Amino acid sequence: MSSGTLVPELSGSQIEKSFSYYETPAGEVDVEAIRNIVTNGHHEGAVVYVVRDAFSPEAATSIVENFDRLTQRTGGGNRQDDSYVKTHQIGATQFSYSGEEYVREVIKSSSESLELFDNVSQEELERVFLTKLLEKTFAEQGVVFRGSRYKNISGGFATLRRWLDNGEMALHPHDDTAQLLAAVKDDYEIATSRHVVSFNAAVQVAEEGGELVVWNLNPDDDCRAGLGLTGTGYPYPIGTLTGLESFTVELGPRDVYFLNASFIHGVASVRKGQRLSAGRFIGQVADDLVVYWT
Ligand SMILES: O=C(O)CCC(=O)C(=O)O
Ligand SMILES: [Fe+2]
């Protein structure tokens, strides 16, 4: 990675060569690509790895039904309006929370989080989230992969989100490293992540729109400070990104992907249909430890 020439508002590191995404079918999951993105931030220049058509239509249908029922019952879900991101959501999110505040949200939403997977078997859940595969892959390198903990309370497993479009983008350009600053406050173990990888499963895809867009910049603290985004990393004004290298990934039904979410990314406007993604964050916090949270 290097620091290239950017518009004055932007600074940070960039992928020098072959900035791109990489994909395989579900039968050929490339664990080295996952390991590279988690440990080194990219796989031969690819900052996204997509596994196509990873799980069954039945599992997707059950999760969407569960989500719709739960958001109706809870009036839009578990995430209060933080005046930043508009979403219907089931599950907690660490954004702007210290470790203690976050795990309290996890506890509060744990019953709904369990209900999200009603009628989905353990075997199917593994195909959606690849948890055992990740445990095995990292174990082979002497690295533990586990859920994050704060004072022995587990962080979330997965959070489901339907981003509520404002017509410009479904989810504005952002980075997911900035929010680690809140975790520093009370030493929540995720705070030392080298970079933040987001994992998402496309439980429901839009008929039109809803693509993932990624820009070739891993912003530094000065960049965030200059734009007034310290601690949030949200939203990078679209105008400042003009001219910055980027790519778009079209997500098919039941695709799952790993993204180095320290790079600026967003979700294109959903022009037709609905989109629902099941996500968690993954971070290497020590040479021998990788943890996840939501
Ligand atoms: O819904 C998505 O596909 C992307 C959401 C996102 O920005 C993330 O998980 O980091
Ligand atoms: Fe993100």
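Just so it is clear, the values below take in all heavy atoms, side chains as well, and ignore hydrogens, waters and symmetry mates. Read the numbers this way: they start at 1 and go in the same order the structure lists the ligands and their atoms. It should be emphasised that the depicted structure is a prediction, and the values quoted were computed from it without experimental measurement.
- With a 4.0 Å cut-off on non-hydrogen atoms, Leu171 touches ligand 1 through its side chain and not its backbone.
- Residue contact check: Ser277 has heavy atoms under 4.0 Å from atoms 1 (O), 2 (C) of ligand 1.
- Proximity of the aromatic rings of Phe129 and Phe117 is defined here by a centroid distance below 6.0 angstrom, and this criterion is met.
- In His265, the N, O or S atom that comes nearest to the Fe ion (ligand 2) is NE2.
- Listed by atom number, the atoms of ligand 1 under 4.0 Å from Phe281 heavy atoms are 10 (O).
- With a 4.5 Å cut-off on side-chain heavy atoms, Leu244 and Ser246 do not count as touching.
- Closest to atom 9 (O) of ligand 1 among all protein heavy atoms lies Asn200 ND2, 2.7 Å.
- Residues Ser193 and Phe281 have side chains not in contact (no heavy-atom distance under 4.5 Å, counting atoms from C-beta outward).
- Below 4.0 Å from some heavy atom of His174 lie the following atoms of ligand 1, by number and element: 7 (O).
- Between Lys108 and Glu105 there is a salt bridge, since at least one side-chain N of the basic residue sits less than 4.0 Å from a carboxylate O of the acidic one.
- The line from OH of Tyr257 to CZ of Phe199 is 9.5 Å long, rounded to the nearest 0.5 Å.
- With 2.8 Å as the limit, Asp175 does not count as an N, O or S neighbour of the Fe ion (ligand 2).
- Residue Asp176 approaches the Fe ion (ligand 2) most closely through its N/O/S atom OD2.
- At least one side-chain heavy atom of Arg69 sits under 4.5 Å from a side-chain heavy atom of Asp118.
- Atom NE2 is the N/O/S atom of His174 found closest to the Fe ion (ligand 2).
- Taking a cut-off of under 4.0 Å to the non-hydrogen atoms of Ser198, the atoms of ligand 1 that pass are 8 (C), 9 (O), 10 (O).
- Aromatic ring orientation, Tyr150 versus Tyr188: perpendicular (interplanar angle above 60°, classes split at 30° and 60°).
- Test Leu289, Leu133, Thr39 against Phe138 for side chain to side chain contact (heavy atoms under 4.5 Å, CB included) and you get one pass: Thr39.
- Counting heavy atoms only, Tyr257 comes closest to atom 4 (C) of ligand 1 of the residues Phe199, Tyr257, Trp163.
- Only side-chain heavy atoms of Val267 come within less than 4.0 Å of ligand 1; its backbone N, CA, C and O stay farther off.
- Glu100 is not listed as a side-chain neighbour of Lys185, based on a closest heavy-atom distance of 4.5 Å or more.
- When hydrogens are left out, the protein atom nearest atom 10 (O) of ligand 1 is Asp176 OD2, 2.9 Å; that is the closest non-hydrogen contact.
- Close approach to His265 involves these atoms of ligand 1, each under 4.0 Å from a residue heavy atom: 6 (C), 7 (O), 8 (C), 10 (O).
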